[in-house]
Amino acid sequence: MVEMQIAARGIKDERVLSAMRSVPRHIFVPEEARAAAYGDYPLPIGHGQTISQPYIVAMMTSLLEIRPQDRVLEIGAGSGYQAAILGRLAQEVISIERIPEVAHLAEKNLATAGIMGVRVIVGDGTLGYPDLAPYDAVLITAATPSVPSPLIDQLAEGGRLVAPVGSRDLQELVRLTRKGSELSREFFGGVVFVPLLGEHGWEH
Ligand code: SAH
């Protein structure tokens with residue numbers, strides 16, 4: 001998976017590649033989908049949600065440029081797979097999930113995979129998690145009409161935020177970087193995610 005789908009498509013960051021080699025993806029997909037766990041596509045995880053395509057996980061992770069001392073906030077824990085990759089790279093990961101049953105699944109999967117340093121919290125991630133702010137990196141793994149302002153407010157100096165921004169059907173991957181009072185904005189092509197539902201996301 002890592003060599004053919006990720007390294008071959010130009011992801012060079014050795015820390016990201018090695019994190020992805022070390023996390024067993026089959027633990028994070030439903031029992032009946034195990035045979036497809038390392039395929040080049042997203043998979044359903046129940047409750048209408050999905051685990052992202054491996055290449056998209058790698059690309060978003062490398063755009064976050066995570067350093068070992070970083071504190072990272074993820075919105076949309078889902079299966080917990082992306083959080084596990086972040087957990088291999090950062091000091092501390094907080095991952096918020098709005099559906100309690102899905103949050104429980106993420107926690108169970110992370111424990112099975114033996115990942116430490118990831119905390120899953122049930123709630124509306126569009127509000128961020130002010131208790132532990134600021135964050136060096138923020139990742140939204142659901143489609144949002146615009147980047148929720150609380151998440152920008154909780155971004156540390158030098159911090160990077162990556163999100164799929166656009167319509168419900170198609171989004172563009174955006175990276176915001178905070179430099180003092182300025183935010184730089186870069187675009188990385190089209191993606192498709194399930195919707196971010198909440199106060200600063202879609203209503204339903
Ligand atoms: N990162 C996940 C995939 C995320 S799918 C993985 O690696 O498997 C998107 C997830 O975002 C879904 O589980 C959905 O329930 C969740 N979500 C949607 N809106 C949310 C919100 N406002 N706050 C937190 N989670 C949200």
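Note that ligands are numbered from 1 as they come in the structure, with each ligand's atoms numbered from 1 the same way.
Any N or O atom pair closer than 3.5 Å counts here, and L197 shares at least one such pair with ligand 1.
Shown in contact with I96 at under 4.0 Å from a heavy atom are these atoms of ligand 1, numbered in order with element: 24 (C), 25 (N). Which parts of ligand 1 touch T50 is read off a 4.0 Å heavy-atom cut-off, strictly below it: atoms 3 (C), 4 (C), 5 (S), 8 (O). Counting the atoms of ligand 1 from 1 in the order shown, those under 4.0 Å from a heavy atom of A77 are 1 (N), 2 (C), 6 (C), 8 (O). The ligand atoms of ligand 1 that sit less than 4.0 angstrom from a heavy atom of I51 are 8 (O). Set against the non-hydrogen atoms of I99, the atoms of ligand 1 under 4.0 Å away are 15 (O). Residue contact check: S79 has heavy atoms under 4.0 Å from atoms 6 (C), 7 (O), 8 (O) of ligand 1. Contact atoms of ligand 1 toward G125: 21 (C), 22 (N), 23 (N), 24 (C) (distance under 4.0 Å to a heavy atom of the residue).
Taking only non-hydrogen atoms, the option from H200, R98, R25, H47 nearest to atom 26 (C) of ligand 1 is R98. Nearest-residue assignment for atom 15 (O) of ligand 1 (options M60, E97, Q82; heavy-atom criterion): E97.
The shortest side-chain heavy-atom distance between Q171 and V165 does not fall under the 4.5 Å cut-off. A 4.5 Å side-chain heavy-atom check between M20 and Y81 finds at least one atom pair inside the cut-off.
Under a 4.0 angstrom heavy-atom cut-off, G123 registers as being in contact with ligand 1. For the pair A106 and ligand 1, no heavy-atom separation below 4.0 Å is found. Ligand 1 lies nowhere less than 4.0 angstrom from a heavy atom belonging to A84. Using a 4.0 Å heavy-atom cutoff, E74 is listed among the residues neighbouring ligand 1.
Ion pair R15/E65 not flagged as a salt bridge, since none of the NZ, NE, NH1 or NH2 atoms sits closer than 4.0 Å to an Asp/Glu carboxylate oxygen.
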_Step-by-step side-chain contact (heavy atoms from CB on, under 4.5 Å) determination, V162 to F188_ = CA-CA 10 Å; V162 171; F188 297 91; over 6 Å; no
*Mind running side chain to side chain donor-acceptor pair (under 3.5 Å) on D124 and T126 for me, showing each step along the way?*
CA-CA 5 Å; D124 178 4; T126 71; 2.9 Å; yes
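Under 4.0 Å from ligand 1, the heavy atoms of V194 that appear belong solely to its side chain. Contacts of P195 with ligand 1, taken as heavy-atom pairs under 4.0 Å, involve the backbone alone.
Put simply, the side chain of R71 gets close to the backbone of L132: a donor and an acceptor are under 3.5 Å apart.
In terms of protein heavy-atom proximity, atom 11 (O) of ligand 1 is nearest to G76 CA, 3.2 Å. At the top of the distance list for atom 12 (C) of ligand 1, counting protein heavy atoms only, stands Q49 OE1, 3.1 Å.
A single hydrophobic cluster is not seen to contain both V72 and I96; linkage of ILVMFWY side chains at heavy-atom distances under 4.5 Å, directly or through other members, places them apart. In terms of hydrophobic clustering, with Ile, Leu, Val, Met, Phe, Trp and Tyr side chains grouped at heavy-atom distances under 4.5 Å, L176 and M60 are assigned to different clusters.
Taking the six-membered ring where tryptophan is involved, the planes of Y38 and H26 are tilted, since the angle between them lies from 30° to 60°.
By the 6.0 Å contact criterion, CZ on R185 is open, its count of non-hydrogen atoms from other residues, nucleotides or ligands being 12 or less.
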If you look only at distance, which donor and acceptor atoms sit under 3.5 Å apart when one is on a side chain in residues 46-56 and the other is two or more places apart or in another chain?
from: Q49; atom 1: NE2; to: H47; atom 2: O; distance (Å): 3.2
from: Q53; atom 1: NE2; to: D40; atom 2: OD1; distance (Å): 3.0

